[in-house]
Amino acid sequence: MEVLYRSTRSNITPVKASEAILKGLSDDGGLFVPDHIPALEKSLKELSKMSYQEVAYEVMKLFLSDFTEDELKECIRKAYDEKFDTEVIAPLVEAEGAYYLELFHGATIAFKDMALSILPHLMITSARKNKIHNEIVILTATSGDTGKAALAGFAGVEGTKIIVFYPKNGVSPIQEKQMVTQKGDNTFVVGIHGNFDDAQTGVKKIFSDKELAKEMKEKGFQFSSANSINIGRLVPQIVYYVYAYVKLLQEEKIAEGEAINVVVPTGNFGNILAAFYAKNMGLPIAKLICASNDNKVLYDFFATGTYDRNREFVLTTSPSMDILISSNLERLIYRIAGNDAEKNAQLMSSLSGQGKYEITDEMKAGLADFYGNYANEAETAETIKKLYEDCGYVIDTHTAVAATVYDKYVKETGDNTKTVIASTASPFKFTRSVMDAIDHKYDAMGDFELVDELSKIANVTVPNAIEEIRSAEVIHNNICDADKMQQVVRDFLKL
Ligand SMILES: *Cc1c(COP(=O)(O)O)cnc(C)c1O
């Protein structure tokens, strides 16, 4: 049965997958959600014999039902190629009784590559299918990793331009260097005075500006989004949960049908929502463990049923999770409200008005699949150090938040179900924080000295993504105030 996409905020006429990918966000400000979650067609046993690309096709074809077989296979072929430094694309590493699903083997060494290497191809294909001749302008707010992955994906892609806004003082030195050295005439990178939420709010405002949209259209442009609210990002993320499960099955670490737990270091709630969708497709997942850093708005939400962003924004060593408004949570809220757009819209309007909302007890019952907890800075650093000392495996700060929360979960519940931890970034992307956690003696070293030192102690070659920026020239040095973002966009597009 064809999957169509509805808005979380009003009862629009459902749109096809390609239209939802092109638009990014529904006109009413809502997020697109599938009208039903399709069940896996192939058995887990059959899937266990497949490559990453083949599993990707089996999963994605069910959600992107208006793509032809040729179109989708072509997108997958172009996305999951030598840009990844391993043929298996997403390897599993066993350490201290858990399975780390390494999602950082793509071009920019963070898990955003898993979806952003395919999104440009899905978008170009969607434009062709819908006979769109406008140039597509990708507008993106980033907490660090989305920006570079989107730039790498869209750079040089004909018929597109990409503008990335990042919080000037809210990303790691390596993350910033990766973005400001991005080549490609169609790319534009801007640091803003403000945090990620300011950047994201600014982008959403630009998207919903009707006057601007009209001017854009006259000049032959239209906006789309590479943020994780785009279903073209969400759907490719479901793939690796299915892949991880069937690889464990193939390696006889689990029996067919045996349930696993999944732990996800969470910011905007996109990655864990993909795991939830995988579960709803029939993948045997028991608990979805949502790990937060000191910005623990999600932990509080799971504990109390109240989502409250009125609190201090904390800059942590896991900057890609420094988020107080988890955009993708809206898709879950809509669902636990019984797919009731009106009810969800009320809650979201309370979020933008009072900065908070409270769900009913009935809705709370819909959260039973989830467990939430958080890790503070000291705990996160301790986990990196301990794992390294115990087994020589070095994980990044985001993954360490997840590993810490997993530890707390096991202590609290005694649940020994086999567990996959989403490993969302290479430690080379957050070298300073990682090395500092292992030993303070590294504090005095320069960024790239640290890279070489990490390579030595972890016995891992320095990834290409890091080698590239060692001597790369800074191309983008634009900075603006959060309330000037629209003007920056106008200037870039010469409106
Ligand atoms: C984006 C990101 C996250 C958070 O993922 P969400 O889908 O936003 O929850 C976690 N870790 C890293 C390294 C990231 O880049």
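Note: hydrogens, waters and symmetry copies are ignored here, and every other heavy atom, side chains too, is used. Order of appearance sets the numbers: ligands from 1, and atoms from 1 within every ligand.
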Begin with the C-alpha distance, continue with both residues' side-chain angles, and end with the deciding distance and a verdict on side chain to side chain contact (heavy atoms under 4.5 Å, CB included) for L101 and Y99. CA-CA 6 Å; L101 177 62; Y99 297 94; over 6 Å; no
Report the C-alpha separation of R335 and N280 in whole Å, then their side-chain angles, then the decisive distance to 0.1 Å, and conclude whether the side chain to side chain donor-acceptor pair (under 3.5 Å) test is met. CA-CA 12 Å; R335 190 184 160 108; N280 284 280; 2.8 Å; yes
Between the side chains of D447 and K177, is the shortest nitrogen-to-carboxylate-oxygen separation below 4.0 Å, so that they form an ion pair?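 No, no charged N to carboxylate O under 4.0 Å.
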Near ligand 1, at a heavy-atom separation below 4.0 Å: residues by chain and residue number: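 Protein residues near ligand 1 are F111, K112, D145, P265, T266, G267, N268, F269, G270, N271, S320, M321, H398, T424, A425.
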Please name the pair of heavy atoms, one in L122 and one in L64, separated by the smallest distance, quoted to 0.1 Å.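 Closest heavy-atom pair between L122 and L64: CD2-CD1, 3.9 Å.
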Can M348 and Y357 be said to form a side chain to side chain contact (heavy atoms under 4.5 Å, CB included), step by step? CA-CA 8 Å; M348 293 307 133; Y357 61 79; 4.0 Å; yes
Residue pairs involving residues 278-300 (criterion ring-ring contact (aromatic ring centres under 6.0 Å, His included); sequence neighbours excluded):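 For residues 278-300, and leaving out neighbouring residues, the ring-ring contact (aromatic ring centres under 6.0 Å, His included) pairs sorted by first residue read Y299-Y374.
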